[in-house]
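Heads up, the thing below is written out as structure tokens.
Hydrogens, waters and symmetry mates play no part in the numbers below; they use all other heavy atoms, side chains included. Computed from a predicted structure; not experimentally measured.
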Amino acid sequence: MVGTIQQKLYIRGVPSGLSFRVTALNLLPPTPAKEWRATLYDSSERQRIAPFVVNPNVNSGYMGVVKLYGAHAFPTSVYLPFSLHKSSGLTQFFYSSNSAGARLEILWELTSSTTREPGDPDPDENDGQPEHEHPPEKPDDEQDKPTIDPKDPSNWPTDPLTLTIDGRDGVARAGTATRNGRLIVETTWWGLIQRPDYVSVLYQVGAETPLRIESKVAATIISQPKDALFIVGVNKEDEKIAINATQDTDVSNTIASAALKGIFYIHEKAFGWVFGKFLPF
């Protein structure tokens with residue numbers, strides 16, 4: 001397997017009086033786990049263990065970096081391609097030069113800042129790490145040319161429609177008032193000696209229909225995907241909770257400033273809002 005994909009995640013715009021708390025980190029299929037890894041690390045390269053609080057005002061709201069890689073040089077037990085798997089209904093493993101790789105599910109919730117769980121870090125305290133800087137983006141003409149369409153659902157292991165059914169681990173049913181949601185970090189197919197074409201993060205409130213933020217993966221192991229910045233907003237008067245995503249720091253700051261006022265600003269460089277009904281405390 002060629003290199004490790006590193007997807008950095010940030011949280012912005014959480015309203016005053018609320019905390020963004022990661023409640024669970026779940027490794028999703030494909031399996032076996034011995035061949036695939038998807039792990040979240042903090043700014044000190046320590047593995048994150050849930051639960052923990054992410055403070056948007058500390059270290060630029062840095063949640064951590066998800067590292068996705070094959071644990072064996074040449075994993076052999078892999079699923080059929082997504083399209084064939086769906087059409088055939090087969091679930092057993094096949095020997096192949098391609099694989100979907102690991103997926104990491106991150107469950108989150110908004111909690112009252114005054115009701116933190118024992119052991120949670122103080123969301124108003126700095127973690128002692130320097131402020132994180134986003135690397136400059138390459139001009140579009142320097143980006144590697146895509147070989148697949150990231151908008152085609154068959155190129156991803158997660159079907160967004162399956163995430164609109166009754167949730168688990170406290171994730172509410174679609175249309176039900178909630179204060180939680182999830183992120184799923186995943187890639188398109190890995191080749192035997194090739195990195196995947198894209199990495200993405202599905203983002204969701206409750207069990208509402210999720211959206212996806214995608215980033216092209218360069219062929220070289222030095223280059224990494226663009227950072228994924230998530231803006232969480234709440235409008236208590238309208239009973240709305242929402243999450244948006246962008247890869248532009250300035251855009252995230254603009255959207256977050258509006259979200260702190262209960263305004264869900266729409267920007268062409270953002271990937272779109274996912275709305276849910278807010279559950280009051």
Side-chain angles (χ1 to χ4, degrees), residues 7-25 40 48 50-64 66 105-117 120-121 123-124 132 163 167 169-172 174 176-185 200-213 227-267 269-281:
Q7 178 62 70
K8 294 181 179 179
L9 307 176
Y10 295 81
I11 299 298
R12 302 287 176 85
V14 177
S16 176
L18 299 178
S19 295
F20 183 96
R21 186 169 180 264
V22 173
T23 59
L25 299 169
L40 181 66
R48 284 282 207 180
F52 59 89
V53 172
V54 182
N55 186 346
N57 299 316
V58 174
N59 203 13
S60 302
Y62 186 58
M63 177 191 295
V66 177
E105 178 186 57
I106 303 171
L107 299 182
W108 59 266
E109 67 177 356
L110 294 184
T111 63
S112 170
S113 295
T114 60
T115 58
R116 290 181 290 110
E117 296 291 329
D120 282 349
D124 295 322
H132 187 82
L163 300 182
D169 295 329
V171 178
T176 303
T178 183
R179 292 190 295 266
N180 52 28
R182 84 180 97 198
L183 309 174
I184 296 179
V185 184
S200 81
V201 187
L202 274 166
Y203 57 101
Q204 183 180 35
V205 170
E208 304 300 329
T209 302
L211 293 176
R212 187 189 298 277
I213 177 172
D227 297 344
L229 303 97
F230 297 93
I231 304 95
V232 179
V234 171
N235 186 313
K236 295 181 180 179
E237 293 184 0
D238 294 338
E239 297 183 334
K240 288 183 178 180
I241 177 174
I243 184 170
N244 203 340
T246 183
Q247 294 164 332
D248 187 293
T249 304
D250 292 337
V251 171
S252 73
N253 292 336
T254 298
I255 298 176
S257 296
L260 291 173
K261 302 173 184 176
I263 300 171
F264 302 109
Y265 183 69
I266 298 175
H267 197 286
K269 289 188 177 181
F271 285 73
W273 288 101
V274 176
F275 289 97
K277 183 178 180 181
F278 182 67
L279 177 64
F281 288 95

So which atom in [X] and which in [Y] form the shortest heavy-atom distance, rounded to 0.1 Å?
X	Y	answer
R212	S200	NH1-OG, 2.7 Å
E208	V274	CB-CG1, 4.2 Å
L40	G64	CD1-C, 3.7 Å
A259	G13	CB-O, 4.5 Å
Y265	A258	CB-CB, 3.8 Å
L260	P15	CD2-CA, 3.9 Å

Would you mind reporting whether [Y] and [X] have side-chain heavy atoms less than 4.5 Å apart?
X	Y	result
T249	Y10	no
M63	V22	yes
N180	L107	no
I243	W108	yes
L9	I106	yes

Tell me, please, which residues at least two apart from F264 pass ring pair (Phe, Tyr, Trp, His ring centres under 6.0 Å).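 Checked F264 against ring pair (Phe, Tyr, Trp, His ring centres under 6.0 Å); matches are W273, F275.
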Using 0.5 Å steps for rounding, measure from the [atom1] atom of [X] to the [atom2] atom of [Y].
X	Y	atom1	atom2	answer
S257	I231	OG	CD1	10.5 Å
K269	S252	NZ	OG	12.0 Å
D227	D248	CG	CG	11.0 Å
K236	L18	NZ	CG	5.0 Å
E105	L25	CD	CG	9.5 Å

Could you walk me through whether N235 and F278 satisfy the side chain to side chain contact (heavy atoms under 4.5 Å, CB included) test, starting with their C-alpha distance in whole Å, then the side-chain angles of each, then the deciding distance to 0.1 Å, before giving a yes or no? CA-CA 8 Å; N235 186 313; F278 182 67; over 6 Å; no
The test is side chain to side chain contact (heavy atoms under 4.5 Å, CB included); show your working for F20 and V53 and say whether it passes. CA-CA 6 Å; F20 183 96; V53 172; 5.8 Å; no
If only side-chain N and O atoms count, and only distance matters, is there a donor-acceptor pair under 3.5 Å linking R21 with T111?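 Short answer, no.
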Does R179 use its side chain to pair, donor to acceptor, with the backbone of L279 at less than 3.5 Å?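 Checked: pair present.
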Would the distance check show the side chain of T246 and the main-chain N or O of L229 forming a donor-acceptor pair, the cut-off being under 3.5 Å?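 No; judged by distance alone, with no hydrogens or angles, the pair does not exist.
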Determine whether L211 and F271 satisfy the following criterion, side chain to side chain contact (heavy atoms under 4.5 Å, CB included), listing intermediate values before the conclusion. CA-CA 7 Å; L211 293 176; F271 285 73; 5.7 Å; no
Please report the C-alpha distance between S60 and R12 in whole Å, then the side-chain angles of each, then the deciding distance to 0.1 Å, and finally whether the side chain to side chain contact (heavy atoms under 4.5 Å, CB included) criterion is met. CA-CA 8 Å; S60 302; R12 302 287 176 85; 3.9 Å; yes
